[in-house]
Structures are given as structure tokens and as C-alpha cells.
Amino acid sequence: MFRELPSPVALEDEVLQFWDEAGIFKKCLDASKGRPRFVFYEGPPTANGTPHNGHVLTRVIKDLLPRYKTMRGFHVDRKAGWDTHGLPVEIEVEKELGMRDAGAGNAREAVLAYGLDNFAEKCIQSVFKYTHEWETLTKRVGFWVDLDDAYVTYHRSYVESVWWALDQLHQRGLLYQGLKVVWWWPEGGTALSSGEVGEGYRDVFDPSVTVRFPLLDRPDVSVLAWTTTPWTLPSNTALAVNPKHTYAIARIPTGDDSAETILMAEALLPEGAEVLERMTGAELEGLRYSPPFRWAEPTGGEAHRIVCGAHVALDQTGVVHTAPAYGEDDHKLALEKGIGILQLVGPDGRVVATAPEWARGLQFKAADGPIMRDLKERGLLFKQEQIKHSYPFSPRSKDDPLMQLARPGWFIRTTAFKDEALANNAAVGWLPEHIRDGRFGDFLRNNVDWALSRERFWGTPLPIWTCGSCGARQSFPSVAALEAAGATGFAEGVDRHLQVHKPWIDRVTVPCAACSGTMSRVTEVIDCWFDSGCMPFAQFGFPHQGVEQFRESFPADFISEAVDQTRGWFYSLLMISTMLFDAETCAAHGLPFDAEARGLPRPYRNCVVLGHVCDMEGKKESKSSGNYTSPDLVLRGRMKMSVVADPALKPDELGMGKASVRSIDLGAKERLRLTVGELEAGGLHVTLKEGPSRGKERVALHPDTLAALGNPSTIWLHAPFEPPGADAFRWLFYAANAPWTNTRLSLRAIREGQREFHLRLGNVFSFFSIYANIAGFDPALHADRPSTQVLDRWIRSERDALIHTVTEQLDQYRIYEAARAISAFVDGLSNWYVRRSRDRFWGEGEDTLDALSTLFGVLLDVSKVIAPFVPFMAEAMYLRLGGPGLVGGAESVHMAAWPRPSAAPDLELGADMALIRELASLGLAARGQVGVRVRQPLRAAEVMLADASRAERLAALVPLLTDELNVREVHFGAEAARFVDFRVKPNYPNLGKRLGKEMKACAAALQSADPAAVRAGLLAGGYTVALDSGPVTLSEDDVLVEVQPKEGFRALGSASAVVALHAELDDDLREEGLARELVNRIASVRKELDLGYTDRIRVELRGGAAVLRSAERFGPRIRHDTLATTLDLQLDEGAPADLDGQPFALTVERA
RNA sequence: GGGGCAGUAGCUCAGCUGGUUAGAGCACACGCCUGAUAAGCGUGAGGUCGGGCGUUCAAGUCGCCCCUGCCCCA
């Protein structure tokens, strides 16, 4: 027996259980041991939040290729990983501990007070807070990944691998300590990564001031310089000009009849200025000026002179106020020119204590006002305005402005590897390709040294120890190396993973080899992107262990993450491997390194860059903006939301953000069901009401409604329909658009895809199982039965073509194209093969066996081809078809070998069938015009092909057309010529190349010629047109002949064919039509009686003479088509019902 | 402010290296079929291909400018 497919969720439950109980994933891995490897790297997610739809996208894309490659005969390890370090984790914990509540004070100090040991433990807990949710989702969407053997970035072996990498870099002099201007968050006491800074940009108003800087030697002349950060003016140590621009000393009128003398870029002088002297910027270099403030003397160099800098633009005054402590360009310039530094706002964001009393202790932004007032009082403020510009704030605390600040820190000299990184990038197979030269290439070309260190607590500690006495510095690649150097102070009794973290590792000291002093660790931890970038080797603990594993899985064949990882994981992976695995290191560890190809790419060969999952308004889904629905809604048909009261709602309304409502996108009559508990029955039916976004997963109800429910804080919402499930979810991401374009996610889109693919294929499967069961079809006896029947040959050929296409596309990582091919195939299978083959399945003879065998074989192959895409449905089909029991059958479809085409696709047959389908379509359209129902047979259809030579080849397919159109005959050619006109037009792609500018004239000449004459000429070997440049002879390839129906005929045409119908009816045809009508009525009654497919019936028919005549003549056919054992006829002109105007009545009973 | 991607039917999206009358699905309208049946199918209507300029015999496709959206960076 072939069992039918259950509903999606039941099917998925069943398959999950099967995989689980039979251990299929593990068997896949075991069975492929020793085969060539296809290497996949899992980019580690952070599990300190619940997974969302975007994670579903990455997980299903990541899942597809390993499944495919496994079936293709590769061994594909899939090691899961978790990213566990970093600021986001710390912030989460700080929030949890109330350190970020309003008025809680400095979080950094709170953490220190709480104790770093306690804090670290909290971080670990936080990181795995949602592990369960992640694992559930991962399983549910069918992402096969080894969660039991996951790598974890805080684990000791991982940390020690990262240490090894850092030690390598340190030994090669690529790790250095320097001052670096960073975006600094004073309240958090930390620098932020560029990503974090980017998140916090906001448009704000800031002062825009122009300040006078009198020249020391000519106090009457003031250099004018501009800034939007008055608070940096006390720390000014230089003014920068562009050496190439022209500057001028000029007199400008002031308000009260007097004038002043200024120095600025000539091109930017205000109107009415009188130029006194001109000079280039280069000539100004070295001029000294009086700074507006002298609160302290600069250190580390000269100060208060004009310097030249190429970064200075012709903007404002063309002179840039330079405070090296507070700007990246400024800092660079100061280093270059030997200018000193002043830092009068501290890392706490407050003006230092050595400042005058009026400024002392002010928060830096708050100092702007007093500083401007002071300048004004002293006549140094030339102009003061406000401008609107974008300025970064802390992404964690929206009111804290960030400041640029020169901080000591550790850097990796990545700039030394720019060329290598670019060469490496060039060798990567990017999808889409534009990432290589666009987004990623740009980023690499503009590379700056990697600011590695973080002055934080929960991260991989920088493995560098320095001597307190002599300042010697040493890095260590492992705990063992520390111990070998005589390190002491390791925390006993503490979790071994925690031993290598702050604060425990900070207590480890090493005797200095250079003097008798003691070395202790520097305080910093590192950027967690460095952690994840070490993943290719750190996942195995390489090189301290796992050497063989690493060697076998480097580089990766395939990785995939969302586009925001270009500067994240894609970069850290590529840069670290570029730096680390040079020829020497590769040789040392037995890694393949082809010097010619520079061993590139590493560490990944192919990268599929994913777009974002967006709401229906095209905005990236994010929790903070609340335009977000839980993956559970799609997977299980329900989701949990937090709920608040809103009196503006009606009692049966559910208030929800507009974007979420659009994404749920219910039909007009569909309402969500609301319950308090997850599994409750009943509940309330609510209408969704668009409203403002209420933030994280929040919805609102009328207070009374809420009270009636018992004022719960969370509720469950249930979809009013069968949940689409994981396969439908996956299919959307594969088939809706290319993976790198953004996907607008909505339930509606998922359900559409489901109808188009899953339901259609499910129907075909169901059709097969019904008739295979009736016929007692046994695959063991009848699979692979050859068939010469044309539909069988066609669908088998289409199947072969499909296998070919999907293989070719997936080999190029083109998932979308492959999915489309599958979709088109399923359409053909359902809407042509099954549709046109239906009655073949009803019999018992050879032809029925051919049909069943063909459909069986096709479905079995389809189950394999779709296995990487919709693993659940594929498995269910495969098992139900008895795949495991067939010769060479695997236990699971995912362990089966990828199907091979049984033969080269028959392209000619494919093209002919496509033409027949087009003719059927035209014929049906023509029937629509005739206005006679399809059940009524017509005499004949006349078909005129533009390419008449194809008619002969179509002969074998014509019966399909007569059946589909319900005509007795189809005629091609001569007779049909009465219905059509010919039309000729140039074949542009061909002729255009040949004729060039003559193209237009040629087109016109053809247009005005007699089409029939042109056609005749072409058939005779060539048609000549006269052009200005001389006669041109056109061959058949140069001209396209088309047909169109003549006016006044009931016929329809496309460019390639016209189909016309003989619409007139005679008694003979009417009689047959009546019989068909009878069959239809009897079938309806069968349906009403709910009879089984094989139940026999007895029919008694009373009716008028015409009805009886028809029933008598077509009796055998009627009995055959309705499974009637008897058909009793009785004349009754007064029968109540109406059959095409004839009286009739039916009595049907089970035989 | 810089860069990348995108803008095609009411909606969601295809459209290869420039070339015949720009396609599909959904929604809509009409109809059909029904031994896959609370499914299926057909037909129809619906588009200044964001706007402009240019290159070309020929532009949705190539180039430049502008507008809008998203993303990344500052």
C-alpha cells in the first residue's frame, strides 16, 4: 500500500521522529566516511537572543548544499558553533543585573563592584539562555548540524587556538601597541567597534563655530578655522591647511564701519573682502599662532603652528582646527608633523581638573556652550551657527554621545597584507559576484590596521605578559607554554574554561627571562570578531590538537551568511587566514600551499551572501522596531507575544504594528485565534488592527478584553489555517528570489509557494497512490519498465532534463535557478502529464502499468531531487514509495545517491510537446470564443503552423490535442490556410549584425512586401529586397514568418500557430455531447453518495427521447466511465431534471 | 558625506552576453473541468520597464545625471 501524505506539520513530526530514531544524520556522516570532502563552515551565532526569521534563512541555505553534496557522494561534516564572547553579551548581563537602569550610574564600575568572577559566570549563563530555542528551531527547519559536538568560542581549546594565532602575529611583529583614535563611549568606559558605532548614528543639531587664531608675529591677522566640536578647542595644537590651495590675507568689513584682517582660503572669502596678500597653503606651513586656550602645555612635540595636510578640503574657511587627541585625521597629521598632543577631556568624557573652574568637570558636550561664551567674551568667536549633521551615539544607551579619543591599544598590522588579502578575495567565488569588487573589495582596499584590543572583561584575554621591572614583553600560545615558562597562579578548582578568562588569567604571572622581575598579563581582552575569524582552526583546537581534522577541512568549500558579515565574519576569516597561513606556516603544519596560486583562496572557496529578511514594507526585520513575527507562526501556526492594554481598541481587536499585520497578511475573512495558554482550545477570535509598532513582539488588547482573560502578560496567537511548516518556509527562501536579494516575508507568500509547489506535487503523489493501490502496483516487479507511450517518454525526458539542470545549477551554488526548474517541472507533471494521462491509470492493461511505472519512477527521482530543498516532504515521499526496499535503496532519501539522467533529454520531443501545449492553449481560448462548453465535442480543429515543417513530427502527439480540445479531428496545413494571414518580419539578432545601419530600411522593405510572396521566395531558396546600398538576398534564417487568424474567423493565434475550430454542431455531435453530459451528472451523484474509486453502481435513467437515444448509443462508454454495472433506460418525457433542455432523471445506487 | 544593491502589472518577483508583440505567480473578472475533488485548469483585463540625457540600425538590458528605497561605511 502506498500511504498518502499527511498535512505538513504531521508530516514533519513523522519525519523528524524517523530521523531521530533511526539516527539518519549520523548514518549519513558514517556512510560517507572516506569519500572526498566537501567542507562547510558554520558561522557561529550568539544564542543570547531568540532566533528570528533571518536565522531561518541562513540555516536553510546552509543546510541545502551539504545535503546535496552528500547525495553527490561527498563527506560533509557539519560542526555547529556558538559565538560566546563580546560586548553584546556583557551588555545583556549588565541589563539583567540592573546596571543599565536609569540612574544606575557607571556600568563599568558596577561590573567591577559585582566582581569579574561572578560576572563571567553570568555571561556564560546568558550566552546559553536561549540555546533550547535555537536547537528547537534548528531541528524544526531541518538544519542538519552536529549540535552535540559544537565549538564554543569561550572553551579553553578554542581560546588557546586564538592565543596561538595571536602569538604567531606577535612573533612576526604584526601586533603592536599604539595610540589610536577610536570612537569612545565615556559612560560605558569603552571603545566601540565600527559596527556598533554605525548603529548609533543620528541626525542632531550641533554648534558650527568659526574661531579667530591670531598669528603670533602679526597679531592683527587672525587665521579663521572652523569646527563643530568647540569642546576640543582647548586641546588644539595645530591648524591644518591644504598645501595646494590658495590662501589670502584679506580685510573684511565688520558691522560697525570698521574692518578686520583675516587669513583663510581665498576661494571661500566672504563677499566684500579685500585681498591684501596671496599665498599657497604650503607657504603657510610653520607659521605660529596664539591658541584660544592655554590650560596646559602639549606633550610629545611642538604646538600651535600651521601645518599642511592633504585631507583639508575647500570647505568653510579651508583651515582645519586640529586636536590630535580627538580626531583620526588630526592624530595622523600630528604624528607625521611632530605635533604634540593635549587631552583636556578625559576618558570619562569630562573636562579635566586642571581646567579653569567654569569648565572643570563638565561633560564634553555640555562644555560647548561655556567655551563658546568664553570665546565670545574674548572676541575670538568669529561666527556661530547651528548645523544639522549625523553624529554617533552609543547604540546601547541612546542618550550617550560618543567622542573620538586617542586611546592606547593593541593593533594588528593588517595593512601590511592588503595586497595579499585582495589577491585572496579575487580567488573567492562570490555569489553575487559584485561583492568581490564592490562591497568587500572596497573594504579591503581601504583597509586600516585592526584595532584588536577591548578594555572589557568577557572576551579572549590578550596572551601578552609584560615585565614590571624591565618592560620585557612576551606572548604565549597556550597554557602549556605559560607553564613551561614557569607561570604560577593558575586558578585551581575553577572550571577549566574559565581559567583562561578574566579575572583568573590575570592572576597568572611568569618570571621574566630577561631580568629577575615578574611578568603579568596586559589587561585587555580582544575583539570577538577575531575569535570567530579563527574558527577554521580554533574549532578543532589547532595546532595544540586536531591537526589532522584541520588539515582535512581547510579551506572551506562553502560558507554562507547575511550581507552584514562582509565586514564581520567574511573579513575576519579572510584576513586572519591570509596573515597566518603563509607558505612557511602551511609547510610547518602540512597544509597544501600551491605557491603558484599562492594557496588561494583561503579560508573559503565559495561564499553565498544572503540578503535580509524584510517586512512587507521592505524594512529589515528587527526586534527593536517590532516589525517582526516569530518563525513559530510559519512552523507551528502559533506564536507567543507580550501584550499590553490599549483603551483605543475595540473589544475584539488586536493592536499590532502595521508592518507585522502586513506580514501576517490574512485573507479578508480570516481572523487570528487568541489564547492564554499554548495548547488551549477555543479562545477569542480577533481582528488585527494596524497601529504603531509597540516594540519587541508586543501587541495590545482592549483593557476589558485583557481583564476577561485574567490580565496575562503574554498570549498565544494561532493562525486560522493549517500551518505551512518547515518545507514551505524553506521553499520560500529558495524559490521566491535569489538568496542575495532581500526577501519580503509574509505568510501569504509562503502559502502561495506552498500551493504552487507542495500542494501540486502532493496531489500528484496522492493521485499515484490511489491508482497504484487500486492496481496493486508493485515497484519490485514493475519499476524501470520501459515505455514507448509518448507521454511517458516525454515526462521521463523532462525528468532527465530536470536532473541535469538542478545538478548544473547547484554545482554553481545557484539555488534559486534550481528551485525554479523544479517548480516548472512539477507544473508540467501535474498539469500535463497527469492531466492527459488520467484515464490511462484507470485500466488494468499494459498501458496502465506503463503509466504507473513511469509515474512511480518520476516521483522517486523527484523525491531525491527535492531532498536538499524540502527534506521532510522528500523523505515522506521516498519512504512511502518504498525507496528503502528497492534494489540498492538507501534507508533515507538523504542517504540515497543523487539521481542520474537515464538518458540524454529528448529535446525534440520537449519542443514538440511545448508546441502541442501551446496549441491546446490556443484551442481552449478559441473554444471560449465559440461559447460551447468543452464537454461538447466539435467536428475538427484547424491548425496552421508558422513553421509548417513541424506538423509531421507532431503526428504522434495529436491525440493529446484532440482529447484536450474535445474535437474529433485535428487538421494541419492546407485546409487551415483559409483561416490565416502570414506576416513576415526580420530576424533582428541575425540580420542586425549583418546589415547594421541598413537594418531599418530592410525592415521597412519587408513590411511593405506581400507576405505570401516573401514566404514563397524564402521557401524557394531566398527572397531579395532592394536597399539603397544594393539588393540583399534573405534566407530562411533572416526572416521570421508568423501567422495570425484572418478577421472574422473564430480562431486564435500566437506568433507560431493559429488554431481555428469548426464550431457548427450536428445531431451526431449533439448526441455525443449529451452522453458526456450524462457521464458528468452520474459522476456528480457518485460524489454525492461519497462512493469509493472502485465502487460499482447501478444506474436507472428516465428521460426524453433524445436523452435515451444518446444513452443507448453511448451506453458502453457511459457504463465504463461511471463504473456502472447496469444502465436501465426508461422513456419519461415528464422527468423533472434538465439535461441540455431535455427532461431526465437519475437513480443511482451502489451495486 | 562616501560606497554597494535595487526601482518592471494592484502585490511579490523573473527577464542570459542589447534583438521578434516585456513574462510568471497571487489578487481581480469570466468561464471550464472534475474517477487528484473543501483540489485542478483555461481565458481576459492590467505595464510611459523610477525620471532625463546619451551610445547604437536596435536599450528594460550599456554609459552619464537626477529621484526614491534598502544595506554598509563615515
Side-chain angles (χ1 to χ4, degrees), chain A residues 4 183 194-195 197-198 201 328 389-392 432 434-435 437-443 446 562-564 566-568 611-612 614 616-620 662 665 667 735-738 740-744 746 748-749 751-753 755-756 759-760 762-771 774 816-817 820 823-824 827 830-832 834-835 838-839 841-842 920-929 931 933-935 964 966 983 985-993 995-1003 1039-1040 1042 1052 1054-1055 1079-1080 1083-1084 1086-1087 1091-1095 1121-1123:
Chain A
E4 296 211 24
W183 278 109
S194 57
V197 177
Y201 273 90
E328 202 176 330
H389 66 162
S390 83
Y391 192 87
H434 60 72
I435 297 287
D437 291 320
R439 198 173 276 234
F440 199 65
D442 272 347
F443 185 55
N446 298 319
V563 63
D564 47 77
T566 13
R567 287 150 200 262
H612 287 124
C614 297
M616 285 308 289
E617 283 166 3
K619 296 261 194 324
K620 182 179 168 178
R662 284 201 60 198
D665 201 14
N737 49 23
W740 45 87
T741 54
N742 291 348
T743 302
R744 294 193 184 191
S746 73
R748 179 176 296 241
R751 291 163 82 193
E752 261 175 44
R755 265 199 296 277
E756 187 179 300
L759 267 176
R760 230 177 237 171
N763 272 333
V764 173
F765 186 88
S766 156
F767 178 86
F768 169 78
S769 59
I770 290 167
Y771 294 104
I774 290 171
Y816 171 72
E817 288 78 357
R820 275 171 65 106
S823 223
D827 178 64
S830 172
N831 289 331
W832 195 248
V834 171
R835 179 179 161 80
R838 271 201 304 223
D839 52 5
F841 287 85
W842 305 340
S921 177
L922 290 169
L924 287 170
R927 277 203 89 117
Q929 288 189 350
R933 72 168 70 94
V934 179
R935 229 177 288 135
E964 180 70 14
N966 195 18
R983 195 161 53 166
K985 58 170 49 166
N987 183 0
Y988 283 93
N990 257 7
L991 270 181
K993 286 190 191 81
L995 297 181
K997 283 189 201 303
E998 298 290 334
M999 194 61 236
K1000 267 197 176 129
C1002 177
V1039 182
L1040 297 164
E1042 294 176 357
L1052 269 180
S1054 66
V1079 169
N1080 175 256
S1084 304
R1086 282 188 66 104
K1087 175 131 196 71
L1091 297 180
Y1093 293 118
T1094 52
D1095 288 342
D1121 287 355
T1122 61
L1123 293 185

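The basis for the numbers below is simple: all heavy atoms, side chains too, and nothing from hydrogens, waters or symmetry mates. Residue numbers begin at 1 in each chain, while the letters A, B, ... track the order of the sequences. Everything numeric in this text was worked out from a predicted model, so none of it was measured.
Atom CZ of A:Arg838 is separated from atom P of B:C41 by 11 Å (rounded to the nearest Å). One interatomic measurement links the two molecules: OH of A:Tyr988 to P of B:U61, which rounds to 18 Å at whole-angstrom precision. Going from atom CD of A:Glu998 over to atom P of B:G19 covers 22 Å, rounded to whole Å. Put simply, CD on A:Glu328 is 16 Å from C1' on B:G1, counting in whole angstrom units. In this entry the distance linking CD of A:Glu752 with P of B:C11 reads 14 Å, nearest Å. If you take CH2 of A:Trp183 and C1' of B:C73, they are 13 Å apart, rounded to a whole angstrom. One can place CD of A:Glu817 at 11 Å from C1' of B:C16, the figure rounded to the nearest angstrom. In this structure, A:Leu922 atom CG and B:G42 atom P are separated by 13 Å, rounded to whole Å.
No engagement by A:Ala1003 is indicated, since no non-hydrogen atom pair under 4.0 Å with the nucleic acid exists. Note on A:Phe443: nothing from the nucleic acid sits closer than 4.0 angstrom, heavy atoms only. Within the 4.0 angstrom heavy-atom criterion, no nucleotide atom of any strand lies near A:Asp839. Residue contacts for A:Leu991: at a heavy-atom cut-off of 4.0 Å it reaches no nucleic acid atom on any strand shown.
The side chain of A:Asp442 lies closest to B:G4, out of B:G4, B:C41, B:C26. Minimum atom distance to the side chain of A:Met999 is reached by B:G19, of the listed B:C13, B:G19, B:C72. Comparing B:A36, B:G4, B:C33 by their closest approach to the side chain of A:Arg935 singles out B:C33. Of the candidate nucleotides B:G19, B:C5, B:C26, B:C26 has the atom lying nearest to any side-chain atom of A:Arg748. Picking from B:G25, B:A36, B:C13 the nucleotide with the shortest atom distance to the side chain of A:Glu756 gives B:G25. Side-chain atoms of A:Asn763 lie closest to B:A39 of the nucleotides B:A39, B:U20, B:C41. Out of B:G19, B:C41, B:A36, the shortest distance to the side chain of A:Pro989 is found at B:G19. Residue A:His434 has its side chain nearest to B:G4 when only B:U20, B:G4, B:U43 are considered. Here B:C26 is the nucleotide among B:U43, B:C26, B:A36 with the atom lying nearest to any side-chain atom of A:Arg755.
Only the P atoms considered, B:G52 is 22 Å distant from B:G46, to the nearest whole Å. The separation of B:U55 from B:C41, taken at their P atoms, amounts to 49 Å, rounded to a whole angstrom. B:C70 and B:C65 have their P atoms separated by 22 Å, with the value rounded to a whole Å. With C1' as the reference atom, B:A59 and B:A22 are 13 Å apart, rounded to whole Å. With both ends at atom P, the span from B:A9 to B:U61 equals 15 Å, rounded to whole Å. Distance noted for atom P between B:A36 and B:A29: 27 Å (whole Å). Comparing the C1' positions of B:C32 and B:G47 gives an interatomic distance of 28 Å, to the nearest angstrom. Comparing the C1' positions of B:G69 and B:C30 gives a spacing of 38 Å, expressed to the nearest Å.
The base-pairing partner of B:A22, taking Watson-Crick or G-U wobble contacts with both distances under 3.5 Å, does not exist among the strands shown. In a base pair of the Watson-Crick type (N1 to N3 plus N6-O4 or O6-N4) or a G-U wobble (N1-O2 and O6-N3), with each distance short of 3.5 Å, B:C32 is matched with B:G40. B:G54 is paired with B:C62 under the Watson-Crick or G-U wobble criterion, all donor-acceptor distances under 3.5 Å. Using Watson-Crick or G-U wobble geometry with both donor-acceptor distances under 3.5 Å, B:A45 finds no partner in any strand shown. A 3.5 Å limit on both hydrogen-bonding distances identifies B:G69 as the Watson-Crick or G-U partner of B:C5.
Contact record, A:Arg935 with A:Asn966: O-ND2, 2.9 Å, taken as the closest heavy-atom pair. Between A:Met999 and A:Pro986 the shortest heavy-atom distance is CE-CB, 3.6 Å. Minimum heavy-atom separation, A:Asn742 to A:Asn737: O-ND2, 3.1 Å. Considering all non-hydrogen atoms of both residues, A:Arg838 and A:Trp842 come closest at O-NE1, 3.2 Å. The two residues A:Arg760 and A:Asp827 have their closest heavy-atom pair at NH1-OD1, 3.2 Å. The shortest non-hydrogen separation linking A:Ser766 to A:Ser769 is O-OG, 2.9 Å.
Between the side chain of A:Ser830 and the base of B:A36 there is at least one donor-acceptor pair of N/O atoms closer than 3.5 Å.
Here the side chains of A:Leu991 and A:Cys1002 are in contact, with some heavy-atom distance below 4.5 Å. By the 4.5 Å heavy-atom criterion applied to side chains, A:Ile770 and A:Tyr1093 are counted as neighbours.
Nucleotides of RNA chain B nearest to A:Ala1083 and A:His612 differ in position, and the one nearer the 5' end is that of A:Ala1083. The nearest heavy atom of RNA chain B to A:Arg439 and to A:Asn737 marks one nucleotide each, and the one closer to the 5' end goes with A:Asn737.
Close to B:G19, at under 4.0 Å from its OP1 or OP2, lies no side-chain N or O of A:Lys985. For the pair A:Arg744 and B:C11, the criterion of a side-chain N or O lying under 4.0 Å from OP1 or OP2 is not met. Remark: A:Arg567 is not in phosphate contact with B:C72, judged by side-chain N or O atoms under 4.0 Å from OP1 or OP2.
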